[in-house]
Amino acid sequence: MERTVIIDALKSTRLNEPINVRGWVRSRRGNKQINFIALNDGSTIKNIQIVVDMSKFSEEQLKPVTTGSCISATGILVASQGSGQAVEVQLTELEVYGTADPEQYPLQKKGLSMEYLRTIAHLRPRTNTFGAVLRIRHNMAMAIHTYFHQHGYFYFHTPLITASDCEGAGQMFQVTTKNLYNLKKDENGQIDYSDDFFGKMAALTVSGQLEGELGAMALGKIYTFGPTFRAENSNTPRHLAEFWMIEPEVAFIQKEELMALEEDFIKFCVKWALDNCMDDLEFLNQYVDKGLIERLKGVINTEFVHLTYTEGVEILQEAIKSGHKFEFPCQWGDDLASEHERFLVEEHFGRPVIMTDYPKDIKAFYMKLNEDDKTVQGTDVLFPQIGEIIGGSVREENLDKLNAEIERRHIPMKDMWWYLDTRRFGSAPHAGFGLGFERLMLFVTGMQNIRDVIPFPRTPKSAEF
RNA sequence: GCUUCCUUAGCUCAGUCGGUUAGAGCAUCUGACUGUUAAUCAGGGGGUCCUAGGUUCAAGUCCUAGAGGGAGCGCCA
């Protein structure tokens with residue numbers, strides 16, 4: 001008989017008709033007369049209840065049906081006699097696909113910590129929490145593609161392997177086919193890459209932005225959405241060595257339009273979650289973060305604060321004057337610490353902040369210089385709890401100014417001639433941003449640790465599964 | 001990378017000042033129960049106290065080193 005997915009079975013109005021559902025057993029309980037099986041197939045967080053009349057089945061037949069086992073259950077879909085579910089399946093035929101020895105199966109019906117579940121990441125998608133997170137993760141990916149597609153952006157695939165060592169966004173993972181125990185060195189003791197696979201040093205990308213700009217200079221509006229790698233030894237609940245990043249790049253827009261894009265985009269994604277993932281959000285709201293749904297609704301109904309870096313520093317200095325203690329100082333020109341950002345977002349304004357016009361020395365070389373010659377047109381979105389969720393900027397489109405900045409910073413650009421060509425041939429004002437997908441996931445799910453919003457996290461000292 | 005905390009049953013944790021045979025809840029197993037919802041009730045089994053050294057008559061407990069994990073910070077998305 002054809003399988004019905006549980007999300008459809010639970011909504012079905014075809015009562016008293018045969019049905020077949022298949023999935024993994026969450027629990028079985030009962031007595032000599034009657035047994036109840038809670039079955040989940042991942043299509044929804046909700047289980048379907050299989051009712052077993054024990055006068056028609058033997059204990060022996062039910063014995064392999066334990067928590068974690070996989071079964072196919074055929075029966076009659078009926079209105080439930082119990083409370084807690086509208087419909088249930090009265091079992092007529094049982095097939096066990098795979099058993100799960102209860103003495104060994106590591107998932108229990110309750111009491112599992114996130115830290116423990118990380119050690120069994122191959123099984124944790126079967127839990128309610130991770131099922132919810134992973135369904136939401138899929139939905140967020142769809143929201144992102146939908147948003148950009150509807151707004152005329154093209155999905156632009158930037159390379160994961162890059163030979164430019166000055167993307168500047170962080171430490172890189174090297175890619176090589178060379179024998180690391182027997183490296184050829186030149187007369188200066190430097191590694192000779194001429195016989196390596198790419199003929200030069202290569203690494204995994206830390207950002208698709210520079211290539212993304214090439215796309216925007218031809219297609220007008222592009223976005224990237226792919227894996228990104230940082231070899232930094234970052235040990236926090238907000239960093240991964242392998243994460244997914246979304247980087248739109250748009251020709252012919254200026255700072256105000258960029259800020260509007262950032263805000264509109266995030267709100268679209270959050271609204272998508274509220275519109276499409278309510279069952280999962282309600283579960284997370286109940287068991288993970290009591291304020292989740294309220295906070296999500298709050299974001300789509302509030303206007304983000306627009307604040308320049310200089311104004312932000314003034315507010316922080318006022319706060320210090322009136323007695324607020326920070327661990328780090330906060331002078332104009334300093335990079336803001338997490339505590340400063342958190343103060344502005346969580347205490348001072350109580351809503352998301354788009355901070356702009358940073359001192360040029362604390363930002364990347366490609367950001368557009370303001371007329372004051374001191375600040376650049378960065379536009380970072382700061383969120384409660386998670387901090388910087390978006391890092392964006394208007395790009396410097398003037399070749400001379402860009403070259404001057406590259407020289408001032410002594411950035412080796414010999415492998416980046418192609419990037420400068422965008423400014424040499426038909427340069428255009430343009431802007432874009434990068435959004436960490438898992439940071440968006442943290443916000444939308446209310447989860448506390450970024451390692452729990454990606455199926456198989458990679459962090460320092462950890463690449464299991 | 002820095003600071004700090006943690007590691008005891010399958011899981012979550014307690015374990016007093018260093019002192020008898022290391023405990024609890026849940027899970028699991030056995031039994032009871034005619035509709036359960038993290039079912040309930042009764043009983044049983046289950047331990048490399050992270051690893052390696054050290055101090056001591058005696059170490060889960062104190063000391064040193066190492067491994068793994070969490071949090072805060074830095075770097076960043």
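The structure displayed is predicted, hence computed values, not measured ones.
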Using a cut-off of 4.0 Å on non-hydrogen atoms, how would the nucleic acid contact of [X] be classed: base, sugar-phosphate, or nothing?
X       : value
Y116(A) : sugar-phosphate
S27(A)  : sugar-phosphate
N449(A) : sugar-phosphate
A38(A)  : nothing
L240(A) : base
Q104(A) : nothing
E327(A) : nothing
R342(A) : sugar-phosphate
F437(A) : nothing
S83(A)  : base
P106(A) : nothing
L440(A) : nothing

Below 4.0 Å: OP1/OP2 of [N] and any side-chain N or O of [X]:
X       : N       : result
N233(A) : rG1(B)  : yes
K363(A) : rC76(B) : no
R238(A) : rA71(B) : no
S113(A) : rC11(B) : no
N31(A)  : rG35(B) : yes
R451(A) : rG70(B) : yes
K32(A)  : rA32(B) : yes

**OP:** Please determine, by modelled atom types, if Y223(A) and H145(A) share a side-chain donor-acceptor pair under 3.5 angstrom.
**Re:** yes
**OP:** Classify the side-chain pair E262(A)/T379(A) by whether it contains a donor and acceptor separated by less than 3.5 Å.
**Re:** yes
Original post:
So with a 6.0 Å cut-off around CZ of F154(A), is the heavy-atom count from everything else above 12?
Top reply: no
Distance between [atom1] atoms of [N] and [M] (Å, rounded):
N       : M       : atom1 : result
rG10(B) : rU34(B) : P     : 35 Å
rG66(B) : rC76(B) : P     : 29 Å
rC50(B) : rU56(B) : C1'   : 23 Å
rU61(B) : rG25(B) : C1'   : 23 Å
rG15(B) : rA24(B) : P     : 15 Å
rG46(B) : rC2(B)  : C1'   : 42 Å

Which nucleotide, if any, forms a Watson-Crick or G-U wobble pair with [N], using both distances under 3.5 Å?
N       : value
rC41(B) : rG31(B)
rC73(B) : rG1(B)
rA58(B) : none
rG25(B) : rC11(B)
rG53(B) : rC63(B)
rG68(B) : rC6(B)

Would you kindly check whether a donor in the side chain of [X] faces an acceptor in the base of [N], or vice versa, at under 3.5 angstrom?
X       : N       : result
Q108(A) : rU28(B) : no
S234(A) : rC75(B) : yes
E88(A)  : rG35(B) : yes
Q81(A)  : rU36(B) : no

Original post:
Is R238(A) salt-bridged to E438(A), going by a charged N under 4.0 Å from an acidic O?
Top reply: no
**OP:** List the steps, then state whether salt bridge (Lys or Arg N to Asp or Glu O under 4.0 Å) holds for R342(A) with E347(A).
**Re:** CA-CA 7 Å; R342(A) 202 169 297 144; E347(A) 292 184 47; over 6 Å; no
Given [options], identify the nucleotide with an atom nearest to the side chain of [X].
X       : options                   : result
H239(A) : rG70(B), rU37(B), rG74(B) : rG74(B)
L112(A) : rU37(B), rC76(B), rC11(B) : rC11(B)
E115(A) : rG70(B), rG74(B), rC75(B) : rG70(B)
T236(A) : rU36(B), rC75(B), rC76(B) : rC75(B)
E103(A) : rU37(B), rG70(B), rU28(B) : rU28(B)

Original post:
Which of these passes side chain to side chain donor-acceptor pair (under 3.5 Å) with T375(A): D357(A), N370(A), T356(A)?
Top reply: N370(A)
Subject >> Minimum side-chain heavy-atom gap F437(A)-F243(A) below 4.5 Å >> reply: no
Original post:
With side chains defined as the heavy atoms from C-beta onward, is the minimum distance between H324(A) and E339(A) less than 4.5 Å?
Top reply: no
Original post:
Do the side chain of N35(A) and the main chain of G30(A) share a donor and acceptor less than 3.5 angstrom apart?
Top reply: no
**OP:** Assign each of A337(A) and I34(A) to its nearest nucleotide of RNA chain B by heavy atoms, then name whichever residue's nucleotide is nearer the 5' end.
**Re:** I34(A)
